[in-house]
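Every chain is numbered from 1 and lettered A, B, ... according to where its sequence line falls, protein lines coming before strand lines. Because the structure is predicted, anything quoted here is derived from the model rather than measured.
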2 protein chains.
Amino acid sequence: METQNASILLVDDEPDILEFLSYNLQKEGYNVFRASNGIDALKIARKVRPNLIILDVMMPQPDGYEICREIRRDEQLKDSVVAFLSAKSEEVSQIEGFKVGADDFIGKPVKPRVFLFRVQALLRRQNGVKETSNRIFFDDLMIDKESYTVVKAGITIELSKKEFELLILLSSKPGKVFSRDEIFLKVWGPEVIVGERTIDVHIRKIREKIGLGNIKTIKGVGYYFA
Amino acid sequence: METQNASILLVDDEPDILEFLSYNLQKEGYNVFRASNGIDALKIARKVRPNLIILDVMMPQPDGYEICREIRRDEQLKDSVVAFLSAKSEEVSQIEGFKVGADDFIGKPVKPRVFLFRVQALLRRQNGVKETSNRIFFDDLMIDKESYTVVKAGITIELSKKEFELLILLSSKPGKVFSRDEIFLKVWGPEVIVGERTIDVHIRKIREKIGLGNIKTIKGVGYYFA
DNA sequence: ACACACTTTTAATATTTGGTTAACACACCG
DNA sequence: CGGTGTGTTAACCAAATATTAAAAGTGTGT
């Protein structure tokens, strides 16, 4: 993968988190730079031009939003990929975050695998030749394929991997009816064989989380996203 | 091109050839599935319903011919486009191949450019026979096969499976009168036996949903779409 | 290595809905 | 008028899906 050797700038005022995240990133072969405040962050960013900048929202002085705004203003940095770190409680902050130009939101506490997965996705985006908008919007619903996140009416909803992949599939062609076979094939792959009810259960969980209206059933045919 | 994103099933017991061909196909953006024996091939084919199936003739157990025969027997697969791969020496085999219902013969060794060209041609054929789009328009009516819905004067109407299949049949040849027997055969299949009134009831439901004008009756003959 | 939390799958049960039927109404034609 | 073919309606039934809870599988942190 091209995403190896990428440089990442981590900005957080809590040394533990900085340590934890950079440990995980370095283990994967990324080139990690750290800053514990906004001033240093910008200074380093301008020097290094990192492929990805990860900002903690809650910081003294210039907080994450401020830094991000500054980055977007800076001619040389404005195309950087910026991700925010934040305690998952604060829903409002996400909207604010996207407003100032964030590319992703990662909720704390972070699990290593999820974190690395997202970083990878973000770097892919940066390299990405084509970018067909990885966010899908439907009235009050936003589905972000890269960050495995769904935001419904401003609040973030966590979906498991399978749930998310299923939702992505359905929402990739709103209106199109996906047969069970098609769903099995595209979400589980050709080899895997699981019981029929498995899909129903996942569908149910998704409906439970994002509401009943979005996924509809046509008996004998399949499911579709509306 | 419509032929992009097509799914192709490659079947060969020689891993090298499989690898070589799928590499070339994937490079062109095709969705490639592989199988190294007939059993797997049929299993995958039934799940995936590939647009094109490429079979090596010389394989242990069920050889290419056997697989092709089975495909032609299978109700769901019999309309697939099937191409054979074979060492070009064996001329006899071609006759056998066309007998079992092959659509094309590709001689080994294959050159990538020739191979891709043929694949393209075969996929065009597959699309050509079918409708160019899965939407059918009639003044203020749109029938969308993909979403099992009908849009009438801008508003979306949901149809059940049978209703939709019936409507698809009638609208596939506007003006043509379909006899009851023909409808039974094409919508219900040859085995299923249901009462005469069943059709009427479905016709009624469709009329109820999309309006009375579109489906007309000719007593003693059948129904047609106007 | 263990316990814990979380996801995925299974299995068993309930519920829904679409397809079918049957009974009857209507229309047309000799 | 009867006869034939179609329209209409409501009720039934079976198949498809929904819903649960519990088991099996996964990864994570201690």
Peer 1: Measure distances between side-chain N and O atoms of Lys161(A) and base N and O atoms of dT8(C), and say whether any donor-acceptor pair falls under 3.5 Å.
Peer 2: no
Peer 1: Roughly how many Å is it from CZ in Phe184(B) to C1' in dG19(C), rounded to a whole number?
Peer 2: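 For the pair Phe184(B) CZ and dG19(C) C1', the rounded distance is 12 Å.
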Peer 1: Do Lys176(B) and Tyr224(B) touch side chain to side chain, with heavy atoms closer than 4.5 Å?
Peer 2: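 No, too far: nothing below the 4.5 Å cut-off.
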Peer 1: Which heavy atom of Ile67(A) sits nearest to which heavy atom of Pro62(A), and what is that distance?
Peer 2: CD1-O, 3.8 Å
Peer 1: When the distance from CG of Leu166(A) to C1' of dT7(C) is rounded to whole Å, what number comes out?
Peer 2: 14 Å
Peer 1: Quick one: Glu163(A) CD to dT26(D) P, roughly how many Å, whole number?
Peer 2: 17 Å
Peer 1: Between dT20(C) atom P and Glu165(B) atom CD, what is the distance in whole Å?
Peer 2: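 Those two atoms, CD and P, are 10 Å apart.
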Peer 1: Could you state the atom-to-atom distance from CG of Leu212(A) to P of dT17(D) in whole Å?
Peer 2: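 From Leu212(A) CG to dT17(D) P: 17 Å.
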Peer 1: Just how far, in rounded Å, is P of dT16(C) from NZ of Lys216(A)?
Peer 2: 18 Å
Peer 1: Is the backbone N or O of Ile199(B) less than 3.5 Å from a side-chain atom of Arg204(B), with the two atoms forming a donor-acceptor pair by type?
Peer 2: no
Peer 1: Go through it in stages, so that I can follow the logic: the residues are Asp144(B) and Val151(B), the test is side-chain contact (heavy atoms from CB on, under 4.5 Å), and I'd like the CA-CA distance, side-chain angles, deciding distance and then a yes or no.
Peer 2: CA-CA 8 Å; Asp144(B) 187 344; Val151(B) 180; over 6 Å; no
Peer 1: Do Phe225(A) and Phe178(A) have ring centres separated by under 6.0 Å?
Peer 2: no
Peer 1: To the nearest Å, give me how far apart CD1 (Ile218(B)) and C1' (dC28(C)) are.
Peer 2: 15 Å
Peer 1: Side-chain donor or acceptor of Lys219(A) under 3.5 Å from a matching atom on the base of dT17(D)?
Peer 2: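 Side chain to base: no pair below 3.5 Å.
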Peer 1: Touch check for Tyr223(B), heavy atoms < 4.0 angstrom, all strands: base, sugar-phosphate only, or nothing?
Peer 2: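 Counting heavy atoms under 4.0 Å across all strands, the contact made by Tyr223(B) is with sugar-phosphate only.
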Peer 1: Among residues 187-211 of chain B, which residues get a heavy atom nearer than 4.0 Å to DNA chain D?
Peer 2: Arg197(B), Asp200(B), Val201(B), Arg204(B), Arg207(B)
Peer 1: Would the number of heavy atoms belonging to other residues, nucleotides or ligands and lying under 6.0 Å from CD1 of Ile193(B) be above 12?
Peer 2: no
Peer 1: Let's go through Lys152(A) and Asn214(A) carefully: what are the C-alpha distance in whole Å and the side-chain angles of both, what is the deciding distance for side-chain contact (heavy atoms from CB on, under 4.5 Å) to 0.1 Å, and is it a yes or a no?
Peer 2: CA-CA 11 Å; Lys152(A) 168 96 177 178; Asn214(A) 292 105; 3.8 Å; yes
Peer 1: Quick check on dG7(D): is either OP1 or OP2 less than 4.0 Å from any side-chain nitrogen or oxygen of Thr217(B)?
Peer 2: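 True: Thr217(B) side-chain N/O within range (under 4.0 Å) of dG7(D) OP1/OP2.
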